[in-house]
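Owing to the predicted nature of the structure, the values given are computational and were not obtained by experimental measurement. Read the numbers this way: they start at 1 and go in the same order the structure lists the ligands and their atoms. Because only heavy atoms are used, hydrogens play no part in the values below, and waters and symmetry mates are left out as well, while side chains stay in.
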Amino acid sequence: MTHSVIFDLDGTLIDSAPDIHASANTVFTALGQPPFTRAEVQGFVGRGAPNLVARLCESRGLPHEGPEFDRVLARFLEVYEGAQALTVLYPGTRAALEALQAAGCKLGLCTNKPLAPTLAVLRHFGLENLFAAVIGGDSLPVKKPDPAPLLETLTRMGGGPAIFVGDSEVDAETAQNAGLPFLLFTEGYRKTPVEALPHDAAFAHHDALPGLVAAFSAPAVP
Ligand SMILES: O=C(O)COP(=O)(O)O
Ligand SMILES: [Mg+2]
């Protein structure tokens, strides 16, 4: 039985932290704040843009809710939507997605990144037609690790057996919450050692992905 394969985006298919870092610095330096390091910003990626901006505000002693925060978030989202210049696909990503599709797998995307910058970056890399369903961090009232976005992605893909592929603590928890197998990409933005994150298989290069998915999809040997 061929599985549907649902992907996380930031830190899994694309290395977008340089653009997220640059967008944060564009917004916060305009507010008279000193720039953030890449590590500071990357450490807050994974729970969606409102959480990222709230954590950045907090670390500069600025309000992390209310009208002033809303203005900073709105400005960040504006800058973020046009921020693709520093983003790259992880090596082997395009080939792996195409190989999975050629093997009959349906592909889906379930990210906490807001939908507008998600669609913009998919278009930037010419990947927008590969995915049967795309759910962003603002597509539903809840985000990962709530299982609803992942399950909704699968429903929009027509259901059936599925595997989730992601890079983070949030993704591992989402897969568990949704009851789906989890493949962990080890070169993304996780903060926890691989051994400490629940996963069914781990990989460091996307070349390994079609083989891992095929192993899951193979009928169990009696
Ligand atoms: O925008 C984020 O916080 C992270 O996005 P991701 O779910 O694609 O890793
Ligand atoms: Mg991620």
Side-chain angles (χ1 to χ4, degrees), residues 5-24 27 36 38-58 64 73 76-84 86-90 93 97 107-122 124-125 127-128 130-131 133-140 142-153 163-178 180 182-192 194 197-199 202-204 206 209:
V5 187
I6 303 176
F7 290 90
D8 169 64
L9 182 59
D10 293 309
T12 297
L13 298 178
I14 60 172
D15 185 12
S16 47
D19 267 315
I20 302 176
H21 177 216
S23 300
V27 173
F36 294 101
R38 165 148 171 197
E40 272 178 295
V41 175
Q42 188 175 306
F44 295 138
V45 173
R47 293 183 182 271
N51 179 73
L52 166 73
V53 176
R55 300 291 79 77
L56 294 172
C57 284
E58 220 167 47
H64 60 273
L73 176 59
F76 176 80
L77 291 174
E78 215 169 67
V79 174
Y80 195 21
E81 197 174 330
Q84 292 95 35
L86 306 175
T87 297
V88 292
L89 291 174
Y90 285 106
T93 295
L97 293 173
L107 307 180
L109 193 79
C110 179
T111 171
N112 272 349
K113 196 184 192 79
L115 195 60
T118 295
L119 296 177
V121 80
L122 291 179
H124 175 77
F125 287 111
L127 297 176
E128 70 275 28
L130 277 180
F131 297 99
V134 176
I135 292 279
D138 52 355
S139 296
L140 299 183
V142 291
K143 303 184 201 317
K144 300 179 291 183
D146 191 294
L150 186 53
L151 294 173
E152 176 63 18
T153 311
I163 300 175
F164 185 43
V165 183
D167 69 306
S168 73
E169 292 76 2
V170 170
D171 295 322
E173 202 182 326
T174 308
Q176 282 201 315
N177 291 342
L180 293 186
F182 181 57
L183 302 186
L184 174 65
F185 177 55
T186 57
E187 310 308 294
Y189 307 148
R190 79 193 146 77
K191 288 162 268 194
T192 309
V194 171
L197 276 180
H199 61 278
F203 64 101
H206 286 70
L209 202 51

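- At most 12 non-hydrogen atoms from other residues, nucleotides or ligands lie less than 6.0 angstrom from CZ of R47.
- Heavy-atom distances between G11 and ligand 1 stay at or above 4.0 Å for every pair.
- When each of E169, E173, Q176 is paired with P145, the side chain to side chain contact (heavy atoms under 4.5 Å, CB included) condition holds for E173 and for no other.
- Side-chain contact, N177 with T174: no donor N or O sits under 3.5 Å from an acceptor N or O.
- Each of the atoms 8 (O) of ligand 1 lies under 4.0 Å from some heavy atom of L9.
- The atom name of the N/O/S atom in D10 closest to the Mg ion (ligand 2) is O.
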Do L52 and F76 pass the side chain to side chain contact (heavy atoms under 4.5 Å, CB included) test, and can you show the C-alpha distance, the side-chain angles, and the key distance before you say yes or no? CA-CA 10 Å; L52 166 73; F76 176 80; 3.6 Å; yes

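- Remark: T192 OG1 to L197 CG distance equals 4.5 Å, nearest 0.5 Å.
- At the shortest separation from atom 8 (O) of ligand 1 among protein heavy atoms lies T111 OG1, 2.5 Å.
- Looking at ligand 1, you won't find any N or O of D167 less than 3.5 Å from one of its N or O atoms.
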F7 vs L209, side chain to side chain contact (heavy atoms under 4.5 Å, CB included): CA-CA, chis, key distance, verdict
CA-CA 11 Å; F7 290 90; L209 202 51; 3.4 Å; yes

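- Nearest to the Mg ion (ligand 2), among the N, O or S atoms that D167 has, is OD1.
- For a distance bound of 2.8 Å, the N, O or S atoms of D8 include one lying that close to the Mg ion (ligand 2).
- For ligand 1, the polar-atom distance check finds an N/O of G48 within less than 3.5 Å of one of the ligand's N/O atoms.
- Partner D19 forms a side chain to side chain contact (heavy atoms under 4.5 Å, CB included) with one of T87, V88, V121 and no other, that one being T87.
- The contact set between ligand 1 and R47, taken as ligand atoms under 4.0 Å from a residue heavy atom, comprises 3 (O).
- Of the inter-residue distances, the one linking D138 atom CG with N112 atom CG reads 10.0 Å to the nearest 0.5 angstrom.
- Distances from ligand 1 to the non-hydrogen atoms of L52 include no value under 4.0 Å.
- Inclusion of V45 in the set of residues having an N or O under 3.5 Å from an N or O of ligand 1 is not warranted.
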- Query: Could you go step by step and tell me if K113 and S16 meet the side chain to side chain contact (heavy atoms under 4.5 Å, CB included) rule?
  - Reply: CA-CA 11 Å; K113 196 184 192 79; S16 47; 4.1 Å; yes

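- The part of K144 lying near ligand 1 is the side chain, judged by heavy-atom distances below 4.0 Å.
- Every N/O-N/O distance between P114 and ligand 1 stays at or above 3.5 Å.
- From the protein, the heavy atom lying nearest to atom 9 (O) of ligand 1 is D8 OD1, 2.9 Å.
- Residue, atom and distance of the protein heavy atom nearest to atom 5 (O) of ligand 1 are D10 OD2, 3.0 Å.
- For ligand 1, none of its N or O atoms has an N or O atom of D171 under 3.5 Å away.
- No option in L150, D171, I135 other than D171 meets the side chain to side chain contact (heavy atoms under 4.5 Å, CB included) test with K144.
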